[in-house]
Amino acid sequence: MRHVLSVLVENEPGVLSRVSGLFSGRGFNIESLNVAPTPDPETSHMTITTFGDDQILEQIVKQLRKLITVVKVIDFSAQATVEREMMLVRVGAEEGAREEILRLADIFRCKVVDVGHSDLILEVSGDQEKLSAFLALLQKYGVREVARTGTVAMRRSLQPEHKEPA
Amino acid sequence: MAKNGAQILLECIEREGVDVMFGYPGGVTLDIYDAMPAFNIRHVLVRHEQGAVHAADGYARASGKTGVCLVTSGPGATNTVTGIATAYADSIPLVVFTGQVPVNLIGNDAFQEVDILGITRPCTKHNYMVQSVKELPQIVRRAFYIARSGRPGPVLVELPRNVLNESMEFSYPDEPVRLRTYNPNLKPNINQLRRAAKAVSEARSPLFLAGGGVIMADAGAVLTRLANRYQIPVTSTLMGLGAFDGTSPLHLGMLGMHGLYPANMAVSKCDLLIAVGARFDDRVTGRVAAFAPNAGIIHIDIDPTSIRKSVAVSIPVVADCRLALEELENLLEKQEVPGAISSREWLEQLEIWRRECAANPAHVCRAAAGQNPVENPAVSPELSTGFIRPQTVIETLYRLVGAHEDKTIITTEVGQHQMWVAQFYPFSRPRTLLTSGGLGTMGYGLPAALGAQLARPDSLVIDVAGDGSVQMNLQELGTIAANHLPVKVIILNNRYLGMVRQLQQFFYNGNYQAVGMEVQPDFVKLAEAYGLDGYRVTDPSVLESVLKEALFSSKAAIVDIQVEPEENVYPMVPAGSGLDEMLLA
Ligand SMILES: Cc1cc2nc3c(=O)[nH]c(=O)nc-3n(C[C@H](O)[C@H](O)[C@H](O)COP(=O)(O)OP(=O)(O)OC[C@H]3O[C@@H](n4cnc5c(N)ncnc54)[C@H](O)[C@@H]3O)c2cc1C
Ligand SMILES: Cc1ncc(C[n+]2csc(CCOP(=O)(O)OP(=O)(O)O)c2C)c(N)n1
């Protein structure tokens with residue numbers, strides 16, 4: 001099962017390799033890993049998407065908490081969250097196809113962020129499913145390049161009752 | 001007062017209560033050596049940095065204190081890695097200081113520069129680079145705090161050269177070390193313990209499993225009270241040996257791959273397993289699905305990652321195990337359990353397993369039963385083959401030193417001899433068996449023995465070695481000689497890498513490859529070359545007298561004992577089998 005972990009870490013050299021080394025050294029999977037500053041200059045925030053059964057996930061969370069430089073770990077899978085990922089796609093856009101692509105872009109609420117002679121760069125954000133669907137639809141025009149941020153997530157303010165964390 | 005980094009470093013180390021440090025110098029650590037005479041720390045010059053770390057590790061295991069090493073950058077640092085990984089695997093508190101090129105050269109492939117932080121990240125509890133002298137005191141104090149608190153482990157501190165010769169005004173900070181991200185939980189959750197107490201009082205065939213954590217937490221006394229009062233038998237992991245009296249009728253001996261028959265049978269049949277400071281290593285469980293199949297498991301461990309890592313647990317308790325057992329004792333007291341919790345059938349069953357075992361020709365449970373060897377010529381192959389049985393050597397050793405158990409420390413190397421020590425020497429005091437369990441590092445025992453001897457100058461420290469392993473750190477005989485340490489090295493010389501040979505015999509049709517050790521140094525002459533005493537024993541009839549002479553002389557000695565070359569370790573649980581599927585002969 002896929003899990004999104006929110007990991008707050010001390011902002012210091014080597015912290016990324018401690019976390020990524022933990023995953024590689026113990027054979028845990030990383031689907032995506034996003035690191036960014038937080039309002040507090042002493043910490044950084046990582047969003048890690050991983051998958052595994054409950055026992056593996058329990059180990060991942062415990063092992064992360066055990067790292068001295070990790071401040072806090074939250075497993076979002078038991079909570080209602082908002083998940084977003086941002087993607088840039090360079091897609092072939094020859095004369096006849098351009099219109100169609102722009103219409104698709106509109107449906108997916110994309111922005112056109114660059115226009116070339118024979119291609120476009122589109123910016124799209126959403127959850128994983130939406131991005132995959134969009135990429136699938138663009139295939140026939142020729143997807144030339146893709147850059148994705150990996151998932152970021154936040155807990156929703158209002159939690160369905162049965163999901164309220166203890 | 002203005003002090004340079006080297007002086008500040010040594011002051012901080014001294015303030016941690018460190019009296020001995022194991023090290024080897026190099027260009028980038030010279031400022032430290034220059035400052036050393038002003039401090040009350042004995043520096044022991046080893047012969048190889050791996051030896052420094054194992055020695056500090058032996059010092060730590062024997063004393064319960066934190067072991068300290070100091071080595072130079074580059075090769076000095078990389079030579080420590082096996083020692084650090086060994087300590088990490090067995091949760092031993094160490095602080096390892098490594099020199100480094102000056103900060104402004106880092107990343108330049110400078111002379112003797114390696115990324116030792118990167119290299120040791122997966123085998124340290126934590127590691128630090130000191131960027132400037134201002135950070136130095138805090139980092140050193142944190143390093144010691146992290147190494148010894150919670151689940152102990154090695155911490156490495158990298159010291160760039162410029163940090164050591166920069167100066168600043170310094171007075172030792174008095175406030176306690178606090179880290180916002182690290183705060184090990186020691187106190188047990190009372191609700192979990194209530195459940196545990198209920199499970200214990202309702203059990204009919206309970207069993208304690210004592211691990212290395214019992215020794216680290218000094219929980220042997222409370223474990224012993226509980227076991228004796230409620231008649232709950234105890235089995236130990238390799239690392240837990242000595243936590244409970246090995247000669248007690250309640251002690252079943254070590255469990256696991258080479259565990260004793262009664263211990264492995266008891267785990268397989270108990271209805272409640274109370275695991276204390278043990279991490280259910282695969283050498284302990286055998287096939288997990290067949291492990292303690294009828295039992296509820298209470299698991300007390302300070303490290304949450306140890307719990308449910310390999311074995312499902314019914315009652316997890318994350319806590320220091322001494323505090324947890326003391327609380328359990330209170331709760332059971334309140335329940336007014338009248339006497340033994342173990343049923344009579346359970347205690348009788350244990351006796352039956354003991355007897356079955358004693359009838360086995362390999363008779364591997366005598367030590368567990370606290371019995372003297374059965375005098376049965378049929379099981380004394382000395383008489384037929386002329387070779388000394390390695391097990392007999394351990395029994396003889398115990399006969400000679402057992403009376404002074406609290407003043408005898410046994411270290412081992414890795415292999416068959418290590419298992420025979422675990423099986424045939426009934427350890428009864430914590431911190432008297434020092435052995436590399438988790439990593440299984442050949443070459444550990446000799447340097448660990450010298451470290452233990454420095455920690456416990458009045459003790460008799462004996463490295464029980466294989467002829468293969470002992471050759472991995474032989475150079476430390478130089479350190480032993482230079483420091484006049486009366487360490488004894490007993491080599492069970494089978495002229496094989498015996499443990500590997502045994503695997504080839506069992507699982508590769510006796511196709512012995514790369515396990516012969518026919519060409520060896522003359523260990524007697526080698527001892528003499530270092531100015532130590534050397535003995536060789538080939539004749540079973542003089543074994544005891546020679547051992548006695550070597551052990552009770554005031555000098556360091558090597559005793560090379562030529563043993564049965566193809567003796568095997570039994571019981572043996574083949575990979576993928578359950579603990580009750582032992583090979584017994
Ligand atoms: C050749 C060879 C054969 C071996 N065969 C066997 C065998 O047959 N049987 C066997 O048992 N072992 C065997 N071993 C050793 C084995 O590999 C493991 O090292 C050993 O079983 C681990 O012991 P342990 O579970 O007690 O854990 P340790 O490694 O001693 O770990 C201690 C545990 O206690 C916890 N702890 C630490 N401090 C505290 C505290 N204050 N309070 C509570 N908990 C604490 C830690 O978190 C950890 O989980 C063998 C090793 C070798 C090299
Ligand atoms: C550094 C290291 N290399 C290899 C091994 C694999 N290994 C485990 S036991 C063993 C043989 C040990 O032989 P010896 O020291 O003679 O002891 P014996 O088994 O004969 O008692 C080997 C090679 C190891 N544990 N450690």
- request: Specify which of A:Glu58, A:Glu12, A:Arg26, A:Arg65 makes the most heavy-atom pairs with chain B at under 4.5 Å.
  value: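 Between A:Glu58, A:Glu12, A:Arg26, A:Arg65, the count favours A:Glu58.
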
query: At what distance, to the nearest 0.5 angstrom, does CZ of B:Arg121 lie from CG of A:Leu67?
result: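 The CZ atom of B:Arg121 sits 10.5 Å away from the CG atom of A:Leu67.
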
Measure the shortest side-chain to side-chain distance between [X] and [Y] over non-hydrogen atoms and say whether it is less than 4.5 angstrom.
X        : Y       : result
B:Thr181 : A:Ile68 : yes
B:His126 : A:Thr69 : yes
B:Arg180 : A:Glu10 : yes

Against chain A, label [X] side chain, backbone, both or neither, depending on which of its atoms sit under 4.5 Å from a heavy atom there.
X        : answer
B:Arg308 : both
B:Asn127 : both
B:Pro304 : both
B:Ile307 : both
B:Thr124 : neither

Around atom [atom1] of [X], are there more than 12 heavy atoms from other residues, nucleotides or ligands closer than 6.0 Å?
X        : atom1 : result
B:Asn108 : CG    : yes
B:Asn185 : CG    : yes
A:Glu95  : CD    : no

message: What part of A:Val70 gets within 4.5 angstrom of chain B, counting heavy atoms only: side chain, backbone, both, or neither?
response: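 It is the backbone, since no side chain atom gets that close.
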
- prompt: With only heavy atoms counted, which part of A:Gln63 is less than 4.5 Å from chain B, the side chain, the backbone, both or neither?
  reply: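 For A:Gln63, the contact with chain B is made by backbone and side chain together.
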
